[in-house]
Amino acid sequence: MARKPELLVTAASLEELRRLAEAGADAFVIGESRYGARLPGEFGLEQLEQAVQYARSSERQVRIYAAVNNLMDNATSDTLPEYLSKLAAIGVDAIVFGDPSVLMAAREASPGVPLHWNAEMTSTSYAQADYWGRRGATRIVLARELNMEQIIEVKQRTTLEVQVQVHGMTNIYHSKRSLVDSYLGHLGKEPGGLDSSLGKGLYLTEEERQGERYPIYQDAHGTYMMSSDDICMLENLHELLEADIDSLRIEGLMKTPEYNETVVRAYRAAMDAYADNPSGYRFNPEWLNAIRRVQDPERELSYGFFYKEQVY
Amino acid sequence: MAMTMNTPGPTGKRHRLDRPELLAPAGNLEKLKFAVHYGADAVYIGGQKYGLRSGADNFSFEEMREGVEFAARYGAKVFVATNIYAHNEDIAGLEAYLRKLEEVGIAAIIAADPAIVETAQRVAPGLEVHLSTQQSVLNWRTVKFWKDEGLPRVVLARETSLEEIAEIKAHVDIEIEAFIHGAMCSSFSGRCVLSNHFTDRDSNRGGCCQSCRWKYDLYVDGDTVTGEDENQFTMGSKDLCMIRHIPELIEVGVDSFKIEGRMKSLHYVATVVNAYRQAIDSYFNDPAAYELKPEWLDEVNKAANRPLNTGFFFDTPGTEDHIYEAEDKAAPYDFAGVVQSYDETTGLAVIQQRNHFKPGQEIEFFGPGGTFFKQQVGEIRDVEGNVLDAARHPLQQIVLRTEQPVKPMDMMRKRIR
Ligand code: SF4
């Protein structure tokens, strides 16, 4: 059954995936860190296949999108044709990419598998959406730095599906450098003496921004700095629903399965209520309260850039 | 630029016959002229719109036209950076802007946003489109994609090593442009929105406020990692400098050597271009006998704003490649003036003042091709012949005796430390 819009989530494990599917998620973006950027957990080909099998048999017919959205180096790009053909054989519902090498490989290796363009901060206009659309993408994942007006205009002007993030943290900086290790070296400590991988509790603060904690972590692709707040569009979700946005994403990175389940349930409830009766839709504060109860008090729930004007 | 290879040299590597292009930044028309005069084969500039340096002076179309004409006299080209990621509201006006660039004689645009790439190809076919480093291209398959899209040149990500470049060149016949000198984003280009989050300024449209160079406190679960009296955490990188590695860059097949710095001073642009021009020419005059001259390095250091390193060309940067100490921006020399004219019979030069100088100070003159000498400032006069105790006024014409002949557009710098 096609549901519109789709509620898209990440998952750290097969177990979490099942749990979130039962809580109301429609689709998942999962993969392995060699190819996919900033994933909460590893899904090698075997786990991916299990996820697809589960999705097919699940009552709600959830969909599985493979995250292949890293910036690729030569060595990784050499393995893309093989990897993509395996993804096609497994039967993933789409391949998410952010580097044109994937598109090149997909033309040969996974024809017919839908492609979602997701270059995060650089996917910024309807014209760019159309560009990737003409080259085979079926969906554009918009930069989180766009505001509501811009998002709505993209949706009105492009024929591609439009996906936006409605909840969770966002990446604000990605370097290929191992910056935590470099700093430890400066302090005369063993690089690697401090585990700076995902979920190890490292964060940065900046003097002028007291109270804001920016998570930071390293992996084989470098160093990531993350937002100090979590986007939460629940209260104003109807604006995106009215605009017919095709996919609403919840980012589950650095959150517990309990948290993610609570968030999925809340958005599911709002989306179902809207679908039942768009004109009579009313936001129920209980949905948000449920999230507030599990929200890390150090991390503000915010509207991200949805209502901001930026200058340059 | 078609690549041609010939016989292997003493290192067992091949020497290229084609000279790579030396590509210099120019923040305004004067810098453009000096960059070209000091040996740039091409310069890149910003227009009033669509460029990532909203803080630079940026060129009007009239200035572009003049710049193109000036460059043409030297056989040099002018490129325009249209390297923002456009938002919806930026799209209107794009076609007219690109047509205008073509009309004023711009040779190429440097674009990252595919919407800009495609629009230029459609409405201004006389413009070459070069893919900007803002696309962070790291692999040959992606390079191939852009070649198939009709682009003659790709500027690689600064994260690409020499080895990776060689592999890309082996797979795809396309011009490769690489940054070889200047400041660097420590993030993948285009993959940083720190400014958006900290100051509501959009970095991918030119609003970056260099937040990666700020100081941060690093905590693990509430405990600070930094001890008392220790430097704070930062992502700030040293600046790139590849002057020691010209042969490697040439041999690997880099077609365009790009210097960063549309915000940099006239003195910086002339000094850096001059050094790289000499190094590249020296290599081509006799590759087998090529040697790094210490004076090129000295020159580059006189313009340096920060400590230098080799970026990602050989290895991923580590501890030594970042700046944790307080930044000491001052180079030991400062730009003091530009030669306007020289009278051979009297040995007097007219200098346009660019920074305060006075009798007794140590100064240096330099010009294109490595002409160079030091002296002390002797008596100075204004053009009416009045003796001055100091050259105080910006752009004032100062008459001064030089110990060797100088030429218009030669530069004068003073030692400040
Ligand atoms: S803050 Fe630093 S890394 Fe980010 S865009 Fe600016 S210069 Fe580049």
Side-chain angles (χ1 to χ4, degrees), chain A residues 71-74 76-77 80 99-101 103-105 120-122 124-128 130-132 143 145-146 150 153-154 157 172-187 191 194 200-207 209 213 216 223 225 227-228 305 308-312, chain B residues 54 85-88 90-91 112-115 118-119 134 136 138-142 144-146 157 159 164 167-168 186-188 190-194 196-198 200-202 204-207 212 214-221 225-227 230-231 233 235 312 316-319 321-322 324:
Chain A
L71 291 167
M72 307 291 170
D73 56 18
N74 283 318
T76 313
S77 103
L80 280 172
D99 185 312
S101 58
L103 184 62
M104 294 292 280
E120 302 215 338
M121 39 276 256
T122 66
T124 49
S125 75
Y126 66 86
Q128 214 194 111
D130 289 345
Y131 180 94
W132 294 112
E145 293 73 33
L146 299 189
Q150 292 169 325
E153 193 187 349
V154 172
R157 299 184 72 148
I172 64 176
Y173 171 94
H174 176 200
S175 173
K176 194 183 173 184
R177 301 154 188 260
S178 299
L179 291 164
V180 176
D181 288 350
S182 291
Y183 179 60
L184 293 175
H186 171 72
L187 297 182
L194 172 70
K200 295 299 171 192
L202 272 70
Y203 62 87
L204 298 174
T205 61
E206 202 275 321
E207 210 173 321
R209 290 162 183 77
R213 296 179 170 186
I216 180 170
T223 308
M225 195 167 153
S227 63
S228 60
F305 289 96
K308 275 192 185 163
E309 270 318 319
Q310 293 179 80
V311 295
Y312 49 96
Chain B
S54 51
Y85 279 97
H87 288 205
N88 298 335
D90 303 316
I91 303 292
D113 187 328
E118 196 176 46
T119 307
Q134 294 299 114
S136 286
L138 297 166
N139 71 77
W140 67 265
R141 221 181 274 275
T142 298
K144 176 84 164 41
F145 171 84
W146 293 110
E159 288 76 6
E164 300 264 10
E167 207 177 328
I168 289 168
S186 58
S187 72
F188 280 108
R191 270 59 170 185
C192 168
V193 288
L194 293 178
N196 305 55
H197 280 262
F198 294 162
D200 286 337
R201 291 171 62 89
D202 188 358
N204 279 326
R205 288 191 291 174
C212 65
W214 298 0
K215 306 292 180 195
Y216 299 85
D217 290 306
L218 176 62
Y219 290 88
V220 185
D221 283 332
V225 172
T226 315
E230 286 183 324
N231 291 307
F233 176 88
M235 297 90 99
F312 284 81
T316 300
T319 299
D321 300 297
H322 298 92
Y324 299 103

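Chain naming here is simple, since letters A, B, ... match the order of the sequence lines and numbering starts at 1 in each.
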Validation row: Met104(A), Lys144(B) side chains within 4.5 angstrom (heavy atoms): yes
Keeping the roles fixed (side chain from Asp200(B), backbone from Glu309(A)), state whether a donor-acceptor pair exists under 3.5 Å. no
Any side-chain donor paired with an acceptor under 3.5 Å for Ser182(A) and Tyr324(B)? no
Out of Asp90(B), Asp321(B), Thr316(B), Val225(B), return the one with the most heavy atom pairs under 4.5 angstrom to chain A. Val225(B)
Name the region of Ala143(A), side chain, backbone, both or neither, that has any atom closer than 4.5 Å to a heavy atom of chain B. neither
Say you draw a straight line from NE2 of His197(B) to CE of Met225(A); how long is it, rounded to the nearest 0.5 Å? 9.5 Å
Between His322(B) and chain A, with a heavy-atom cut-off of 4.5 Å, which part of the residue counts as in contact: side chain, backbone, both or neither? side chain
Using modelled atom types and a 3.5 Å cut-off, is there a donor and acceptor pairing between side-chain atoms of Thr124(A) and backbone atoms of His87(B)? no
Mind checking the OH-CG spacing from Tyr219(B) to Leu202(A)? Nearest 0.5 Å is all I need. 12.5 Å
Side chain from CB out, backbone as N, CA, C, O: work out which of these in Asp217(B) comes under 4.5 Å of a heavy atom of chain A, or both, or neither. both
Given Ile172(A), Thr76(A), Leu146(A), the one with more heavy-atom pairs under 4.5 angstrom with chain B than any other is Ile172(A)
In terms of heavy-atom proximity below 4.5 Å to chain B, should Asp73(A) be classed as side chain, backbone, both, or neither? both
Most contact-rich option vs chain A, by heavy-atom pairs under 4.5 angstrom, among Tyr216(B), Phe188(B), Trp214(B), is Phe188(B)
Chain A heavy atoms under 4.5 Å from Thr226(B): which part of the residue, side chain, backbone, both or neither? both
Enter the distance from Ser125(A):OG to Ile91(B):CD1 here, rounded to the nearest 0.5 Å. 4.0 Å
Tell me, side chain or backbone of Gln150(A) under 4.5 Å from chain B's heavy atoms, or both, or neither? both
Kindly indicate, with the supporting measurements, whether the criterion side chain to side chain contact (heavy atoms under 4.5 Å, CB included) is fulfilled by Ile216(A) and Phe233(B). CA-CA 12 Å; Ile216(A) 180 170; Phe233(B) 176 88; 3.7 Å; yes
At what distance, to the nearest 0.5 angstrom, does CG of Leu80(A) lie from CG of Asn139(B)? 7.5 Å
Looking at NZ of Lys215(B) and CD of Glu207(A), how far apart are the two atoms once the value is rounded to the nearest 0.5 Å? 12.0 Å
May I ask you to test the Arg177(A)-Phe312(B) pair for a side-chain heavy-atom distance under 4.5 Å? yes
Would you call His174(A) and Ser187(B) a side-chain contact if the rule is heavy atoms closer than 4.5 Å? no
Return yes if some donor-acceptor pair links the side-chain N/O of Ser175(A) with the main-chain N/O of Ser186(B) below 3.5 Å, else return no. yes
Determine the minimum heavy-atom distance between Met235(B) and Tyr173(A), stating which atoms define it. CB-OH, 3.4 Å
Geometric class of the Tyr131(A)/Phe145(B) ring pair [parallel <30°, tilted 30-60°, perpendicular >60°]: perpendicular
Under 4.5 Å to a heavy atom of chain B? For Lys176(A) that would be both
What residue in Leu179(A), Asp99(A), Asn74(A), Asp130(A) has the most heavy-atom pairs under 4.5 Å with chain B? Asn74(A)
Quick check for you: to the nearest 0.5 Å, what is the distance between Glu167(B) atom CD and Ser77(A) atom OG? 7.5 Å
Which atoms of Trp140(B) come close to chain A, meaning under 4.5 Å heavy atom to heavy atom: side chain ones, backbone ones, both, or neither? both
Could you check whether any side-chain heavy atom of Arg205(B) comes within less than 4.5 Å of a side-chain heavy atom of Val311(A), counting everything from C-beta outward? no
Closest contact, heavy atoms only, Gln128(A) versus Ala115(B): N-CB, 4.0 Å
I'd like to check Asn204(B) versus Glu145(A) (side-chain heavy atoms, cut-off strictly below 4.5 Å). Are they in contact? no
Do any N or O atoms from the side chain of Tyr183(A) and from the backbone of Asn231(B) form a donor-acceptor pair under 3.5 angstrom? yes
